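Report on the following structure.
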Amino acid sequence: YCHVNVPEELLRDLLPGPVTVVLQRSAELNKDLNPFTSLVGVRIPNHPFVRELARACSGPLALTSANISCQASTLTVSEFQDLWPQLSLIIDGGPIGDVQSPECRLGSTVVDLSVSGKFTIIRPGCALTSTVEILTQKYGLIPESS
């Protein structure tokens, strides 16, 4: 569903986990998903329930966070109870992080890897330091100027 232009090992170093990698979308991806960009974010959470759900599906899952944009990430279903009336289905797979940790509420680190040899941090998120370390020190990628 995307054009991977980085080593598989790099993806294995970042995924699964709290990182979203942004790559060029491929023609196979549903054109109605983010129709105004040539990029797509790919995330593989390291949570047993979500991973099992993904294994049960034959294609990618298009998901959004259970919070209002710019608000802290929710970690339990009760934390987005105000949104329940707008939802068709709620499945409680348990907490998705340490509810006492402020870092867990920062959301995933979003990094654009669509330009070969470079990266751009789109959102710092909860794994910024380790992500930048992996990209620069292990793979020699350089930050792209804004």
Side-chain angles (χ1 to χ4, degrees), residues 1-115 118-136 139 141 143-146:
Y1 299 101
C2 61
H3 299 285
V4 179
N5 61 328
V6 296
E8 186 176 327
E9 185 181 359
L10 184 153
L11 293 178
R12 291 189 188 284
D13 284 342
L14 298 177
L15 306 171
V19 177
T20 300
V21 295
V22 175
L23 299 164
Q24 289 289 329
R25 65 188 296 139
S26 70
E28 290 82 31
L29 187 63
N30 183 325
K31 290 176 184 12
D32 292 329
L33 298 173
N34 291 342
F36 304 111
T37 180
S38 63
L39 303 175
V40 63
V42 177
R43 171 123 192 268
I44 303 173
N46 195 15
H47 187 276
F49 173 77
V50 177
R51 306 248 340 250
E52 191 61 34
L53 178 64
R55 279 194 238 359
C57 297
S58 60
L61 300 173
L63 304 171
T64 186
S65 300
N67 64 316
I68 305 297
S69 237
C70 299
Q71 290 184 352
S73 294
T74 59
L75 303 177
T76 67
V77 295
S78 63
E79 292 178 348
F80 62 91
Q81 195 166 0
D82 55 321
L83 298 177
W84 290 5
Q86 301 170 53
L87 305 174
S88 299
L89 175 68
I90 301 158
I91 301 172
D92 188 348
I96 59 169
D98 179 358
V99 295
Q100 303 303 316
S101 170
E103 291 80 25
C104 282
R105 297 192 182 275
L106 295 175
S108 66
T109 294
V110 181
V111 59
D112 183 340
L113 298 174
S114 63
V115 177
K118 298 182 180 184
F119 71 92
T120 301
I121 300 296
I122 296 172
R123 179 175 70 192
C126 63
L128 177 64
T129 302
S130 60
T131 300
V132 170
E133 219 170 76
I134 288 168
L135 296 175
T136 58
Y139 295 96
L141 273 64
E144 189 166 33
S145 301
S146 302

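The structure displayed is predicted, hence computed values, not measured ones. Counting begins at 1 with the first residue of the sequence.
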Can you tell me how far [atom2] of [Y] sits from [atom1] of [X], rounded to the nearest 0.5 angstrom?
X: Leu10; Y: Arg12; atom1: CG; atom2: CZ; answer: 11.5 Å
X: Ser78; Y: Ile90; atom1: OG; atom2: CD1; answer: 11.0 Å
X: Thr74; Y: Leu83; atom1: OG1; atom2: CG; answer: 8.0 Å
X: Phe80; Y: Ser73; atom1: CZ; atom2: OG; answer: 12.0 Å
X: Asn46; Y: Leu15; atom1: CG; atom2: CG; answer: 10.0 Å
X: Ser38; Y: Leu29; atom1: OG; atom2: CG; answer: 11.5 Å

Do [X] and [Y] come within less than 4.5 Å of each other through their side chains, counting heavy atoms only?
X: Val19; Y: Val111; answer: yes
X: Thr136; Y: Phe119; answer: yes
X: Asp98; Y: Leu75; answer: no
X: Tyr139; Y: Val6; answer: no
X: Leu128; Y: Arg123; answer: no
X: Asn34; Y: Arg25; answer: yes
X: Leu113; Y: Leu135; answer: yes

Minimum heavy-atom separation for [X] and [Y], please, with both atom names.
X: Val115; Y: Asn5; answer: C-ND2, 3.9 Å
X: Pro102; Y: Gln100; answer: CD-O, 3.4 Å
X: Gln24; Y: Ser114; answer: NE2-CB, 3.9 Å
X: Cys2; Y: Val40; answer: CB-CG1, 3.7 Å
X: Leu141; Y: Lys118; answer: CD2-O, 3.7 Å
X: Thr109; Y: Cys126; answer: OG1-N, 3.5 Å

With sequence neighbours excluded, residues passing side chain to side chain contact (heavy atoms under 4.5 Å, CB included) with Glu28: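 Side chain to side chain contact (heavy atoms under 4.5 Å, CB included) list for Glu28, sorted by chain: Tyr1, Ser26.
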Sidechain-backbone polar pair: Arg51 side chain, Ile44 backbone, donor-acceptor under 3.5 Å: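 No, because the side chain of Arg51 does not come within donor-acceptor range (under 3.5 Å) of the backbone of Ile44.
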Within 6.0 angstrom of Arg55 CZ, more than 12 heavy atoms from elsewhere: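 More than 12 heavy atoms, drawn from other residues, nucleotides or ligands, come within 6.0 Å of this atom.
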